[in-house]
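First up is the structure itself, then whatever we jot down about it.
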There are 2 protein chains.
Amino acid sequence: MNPIGNLNKIFESRIRLGVMSVLMVNNEVNFNDLKQMLEVTDGNLASHLNTLEENGYIKVYKGFIGRKTNTTYAITTAGEKAFKGHLIALEHMIKFTK
Amino acid sequence: MNPIGNLNKIFESRIRLGVMSVLMVNNEVNFNDLKQMLEVTDGNLASHLNTLEENGYIKVYKGFIGRKTNTTYAITTAGEKAFKGHLIALEHMIKFTK
DNA sequence: AAAAGCACTTTGCAATACAAAGCTAAATTA
DNA sequence: TAATTTAGCTTTGTATTGCAAAGTGCTTTT
């Protein structure tokens, strides 16, 4: 009945939605690429990434390219599951709407 | 490129999303039915309805059933257009994701 | 006359969102 | 080698939002 009952609260934010969407397609994305794709300030992005990590939806890899630091982000199994659930809920809502 | 570039900020809220979704299907819905369908408190619902009205996405009809007041809400043409645009943006994001 | 319902508004607090600035270490440029 | 730039943050501060709870006025039901 309730068309919004199964939406995931974490994914209400457009930026977190965008991060998840990008990470579903590209299995490892670094900070700067995410920043450019989503057109957000770095501080803002960092805090949303933090929220996603705290919820276990993404994981962070701090590595190097040569001797230069490189941080990449990837979706976790839990994150994939949660995001897919959210998309299904959205699709149901859209279907309900038509 | 940016998968979230065309999402409508007004529809980031699950409750406003729900209101629009319900009003796309049912052309006139009263306050109480909305409240029950979306499972929200009345004050919360009222404020979201207010935001939607201020943005010209819904209109309010204050009428009577017999001598009892009855307020119904309906989507406007602009609201329908904006919501459809948002759904298309969501669908693109979902397609991008798969 | 009292209680309850409808459709709000007001109040107040807590949680977000966000930009901007600061920060560290490494890399690049001059 | 000194100065600047880049990556990836954290901190700070402000403004906005979300929400529940309580209050309001009118009406209907009991």
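Lettering follows sequence order; numbering is per chain, from 1. Computed from a predicted model, the values in this text were never measured in an experiment.
For the pair A:L90/A:I88, no side-chain contact is recorded, criterion being any heavy-atom separation below 4.5 Å from C-beta on.
Contact annotation for B:L45: no contact, since no heavy-atom pair falls under 4.0 Å across all strands. Backbone-only contact: B:S13 has heavy atoms under 4.0 Å from sugar-phosphate atoms and none from a base.
Taking atom CD on A:Q36 and atom C1' on D:dT6, their separation rounds to 11 Å, with Å as the unit. Between the CG atom of A:L52 and the P atom of D:dG8 there is a distance of 17 Å, given to the nearest Å. One can place CD1 of B:I58 at 13 Å from C1' of C:dC8, the figure rounded to the nearest angstrom. One interatomic measurement links the two molecules: CD1 of A:I15 to C1' of C:dA17, which rounds to 8 Å at whole-angstrom precision. Look at CG on A:D33: it is 13 Å from P on D:dC9, rounded to the nearest Å. B:I10 places its CD1 atom 16 Å from the P atom of C:dA17, with the value rounded to the nearest Å. Note: CD (A:E39) to P (C:dA17) measures 19 Å, nearest angstrom. Per the geometry, CG belonging to B:D42 stands 10 Å off C1' belonging to D:dA22, to the nearest Å.
Within the 4.0 Å cut-off from OP1 or OP2 of C:dA17, at least one side-chain nitrogen or oxygen of A:R16 is found. Residue A:N70 places at least one side-chain N or O under 4.0 Å from the OP1 or OP2 atom of D:dG8. In this structure, A:H48 does not reach the C:dT16 phosphate: none of its side-chain N or O atoms is under 4.0 Å from OP1 or OP2. Proximity of B:T71 to the phosphate of C:dC6: no side-chain N or O atom is located under 4.0 Å from OP1 or OP2. Put simply, B:K62 has a side-chain N or O that comes within less than 4.0 Å of OP1 or OP2 on C:dC8. Between B:N32 and C:dC8, a side-chain N or O to OP1/OP2 separation shorter than 4.0 Å is absent. Side-chain N/O atoms of B:T69 include none lying less than 4.0 angstrom from OP1 or OP2 on C:dA7. Regarding contacts with the backbone of C:dA17, every side-chain N or O of A:N44 stays at 4.0 angstrom or more from both OP1 and OP2.
Toward the 5' end of DNA chain C, the nearer of the two residues B:K35 and B:A46, judged by each one's closest nucleotide, is B:K35. Ranked by how close their nearest DNA chain C nucleotide is to the 5' end, A:V40 and B:N30 are led by B:N30. A residue-by-residue look at A:F31 and A:E12 shows that A:F31 has its nearest nucleotide of DNA chain D further toward the 5' end.
The closest donor-acceptor contact from the side chain of A:T76 to the backbone of A:G56 lies under 3.5 Å.
Using a 30° and 60° split on the angle between ring planes, A:Y57 and A:F11 fall in the tilted class, from 30° to 60°.
Cluster membership for B:V60 and B:F83, using ILVMFWY side-chain heavy atoms within less than 4.5 angstrom, is shared.
When A:L49, A:L38, A:L52, A:N8 are each tested for a side-chain contact (heavy atoms from CB on, under 4.5 Å) with A:R16, only one passes: A:L52.
Sparse packing is recorded around CG of A:N6, with 12 or fewer heavy atoms of other residues, nucleotides or ligands lying under 6.0 Å away.
Of the listed nucleotides (D:dC9, D:dA20, C:dC18), D:dC9 has the atom at the smallest distance from the side chain of A:Y73.
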